[in-house]
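In what follows, every chain begins at residue 1, and chains take the letters A, B, ... in the order their sequences are listed.
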Amino acid sequence: MTTIYLHNTLKRRKEEFKPIDASNVRMYVCGPTVYDRAHLGNAKTPVTFDVLYRLLRYVYGSAHVNYVSNITDVDDKILKKHQETGKPIREITEQTYQWYVDDMAKLNVLAPNHRPRATEYIGEMIELVKLLLANGHAYEAAGHVLFDVDSMPGYGSLSGRSMKEMLAGARIEVADYKKNPADFVLWKPSSPGQPGWDSPWGYGRPGWHLECSAMSSKLLGNSFDIHGGGADLIFPHHENECAQSLCAHPGEKFANYWVHSGMLMVDGVKMSKSLGNFYLIDEVLEKAPAEALRLLFLGTHYHQPFNFTFEGLAQSKAVLDKFYNALLRVKNVAAAPAEPDNRVVEALADDLNTPLAISYLHELSNNLNKAESPAEQARCKGELLASADLLGLLWQNAESWFKGGENDTDAEAVEAKIAERAAAKKNKDYALADKIRNELKEQGILLEDTPQGTTWKKA
RNA sequence: GGCCGGUUGGCAGAGUGGCUCAUGCAGAGGACUGCAAAUCCUUGUACAUCGGUUCAAUUCCGGUACCGGCCUCCA
């Protein structure tokens, strides 16, 4: 069996991945808060973990991997959106959720086994708070329930911070009811108009960190294998999740491997609305196919900061053109059943080295181009597709890759032009032939003469 | 102020204590083509900086510079 290595934030190094139960490998990844359309950063993390999910399924069998990614549908940002737009909260969260799922599908991100919504696990959250109060890790103050960080000796170990460091330069406004400024909210009161649920501490709503602890515990157990998310979540979100879960369930491990994906930047700096370099997924997908964005993400190791540029996006599109060209040539050859290239598997198993894996796809694509006999072509095609599938790439039909899209192309008209040009070529009227080719080129139709005749594709 | 991470050829981006070599894009030359396109072949250019360890460092260690991120909501 392939051995997977992962960079574990907890240990700050790469280590061998050993699941608690190889017949039930469990992974939890923090999903989005559904208050607005997903931006590029929201896309990068799920794509990263989608590759890990695919790898785990390949290694352990798809029936033996349980992947949970939550949806945060109760949050102050949602409340704010509600106040700004006047739209019902439910409408905001449902619409945003649908957008998110659609974006993920376009990016060929497999649906996790569960996408739990926070509002469906309020009961579990309340139980968790009760547990923490009962064992002395939480206290009530001014209508809130707070986690008592001083009650936990190891607090700060995930993010590598000591309490002193955290307080030294922190720009936190400290609520005066906190025993320690680092104490965080488990449950907070809601006013009558705000979303809330009845609880032993009155009408209120959960703190953000609590959601993930409650949902992961319910769906994956108190100890599971991998917990993922964006690197920005390490502190405070994951640190606090860790604290809650470990204190609520003494003796359990919570997550054994913490995997974090590097932050997305645009043109070398953090993507932010104030810098004017903030992009939503659907905005970017107007300029390039979703697969190009996916390939672009995977072209940089997940742990590194990822720099998005439109130049890079265009380049990824060109690379896919190359791959699909190779596939287009053998569109009539059925791919032979194949296993992924072992080097691709090994590259991914080595802490998801997707750039290295992609370099092998280039080699496989070259092999396919060079293959002459149908048997060889079938073998190479199968190998390329099986390998690419592990990365969630090359799932589209080669012909529709080049000819699909907005569907505004009149294929018959193009074919007629090609016939006209073929006649001109036969008469050695190359001026006319070139004229026709150039006219089509201006319409975004590229012609290619092959021994089997002329084919066309969209630019 | 504290804590992380990075600095590789024109660009993107892996990797490695010594070997002929990442890979891709772009560039150059060639094959094929009426000319192109696609494809194939050949090819140039690199490891921020200063020290240290070593027979040997782009790779390990330390300093410096620069860049980015986190410490508040954030994927």
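- Here A/K287 pairs with nothing under the salt bridge (charged side-chain N to carboxylate O under 4.0 Å, His left out) rule; sequence neighbours left out.
- When distances run from any side-chain atom of A/Q315 to the nucleotides B/rA75, B/rC25, B/rU23, the shortest one goes to B/rC25.
- Rounded to a whole angstrom, the distance from the C1' atom of B/rA65 to that of B/rG51 is 15 Å.
- With B/rG69, B/rA14, B/rA75 as the candidates, the nucleotide lying closest to the side chain of A/N353 is B/rA14.
- Near-neighbour residues of RNA chain B inside residues 373-387 of chain A, defined by a heavy atom below 4.0 Å, are absent.
- Listed by first and then second residue, the ring pair (Phe, Tyr, Trp, His ring centres under 6.0 Å) pairs involving residues 29-51 of chain A are A/H39-A/F278 (not counting sequence neighbours).
- Side-chain atoms of A/R294 come within 3.5 Å of backbone N or O of A/L107 as a donor-acceptor pair.
- In this entry the distance linking CG of A/N307 with C1' of B/rA75 reads 17 Å, nearest Å.
- Looking at heavy-atom distances under 4.0 Å, A/H39 makes contact with a base.
- Counting only residues at least two apart or on different chains, the salt bridge (Lys or Arg N to Asp or Glu O under 4.0 Å) pairs with a member in residues 358-368 of chain A are A/R343-A/E363.
- Atom CG in A/L158 sits roughly 14 Å away from atom P in B/rC4 (whole-Å rounding).
- Looking at heavy-atom distances under 4.0 Å, A/I358 makes no contact with the nucleic acid at all.
- Rounded to an integer number of Å, the gap from CZ of A/F306 to P of B/rA12 is 12 Å.
- For the pair A/E346 CD and B/rU23 P, the computed distance is 20 Å after rounding to whole Å.
- Nucleotide B/rG5 holds its C1' atom 14 Å from the NE2 atom of A/H260, rounded to whole Å.
- Judged by Watson-Crick or G-U wobble contacts below 3.5 Å, the nucleotide B/rG62 has B/rC50 as its partner.
- A side-chain donor-acceptor contact under 3.5 Å links A/S190 to the backbone of A/P195.
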**Under 4.0 Å protein heavy-atom contacts per nucleotide of nucleotides 34-44 of chain B, with B for base, S for backbone only and - for none** = BBBBSSSS---
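- Looking at heavy-atom distances under 4.0 Å, A/K77 makes contact with sugar-phosphate atoms alone, never a base.
- Put simply, CD1 on A/I281 is 11 Å from P on B/rA75, counting in whole angstrom units.
- Checked options A/L391, A/V259, A/V51; the residue passing with A/L352 is A/V51 (criterion: side-chain contact (heavy atoms from CB on, under 4.5 Å)).
- Nearest to the side chain of A/T45, among B/rG69, B/rA75, B/rA14, sits B/rA75.
- Using a cutoff of 4.0 Å between basic side-chain nitrogens and carboxylate oxygens, A/D282 and A/K106 are not scored as salt-bridged.
- For B/rG24, the OP1/OP2 oxygens have no side-chain nitrogen or oxygen of A/S359 closer than 4.0 Å.
- In this structure, A/G312 reaches neither bases nor backbone, as no heavy-atom distance under 4.0 Å exists between it and the strands shown.
- Along RNA chain B, the nucleotide nearest to A/H303 and the one nearest to A/Y360 differ in position, and the one closer to the 5' end is contacted by A/H303.
- Here A/K425 pairs with A/D449 in a salt bridge; the nearest charged N to carboxylate O distance falls below 4.0 Å.
- When rounded to the nearest whole Å, the span between CZ of A/R343 and P of B/rA14 equals 19 Å.
- Across all strands shown, the partner of B/rC40 is B/rG30, judged by Watson-Crick or G-U wobble contacts whose two distances both fall under 3.5 Å.
- Residue pairs meeting the side chain to side chain donor-acceptor pair (under 3.5 Å) criterion with at least one member in residues 302-314 of chain A, sequence neighbours excluded: A/Y302-A/D351.
- Counting non-hydrogen atoms under 4.0 angstrom, A/Q304 reaches the backbone sugars and phosphates but no base.
- A salt bridge does not link A/D76 with A/K80: every distance from a Lys NZ or Arg NE/NH1/NH2 to an Asp or Glu carboxylate oxygen is 4.0 Å or more.
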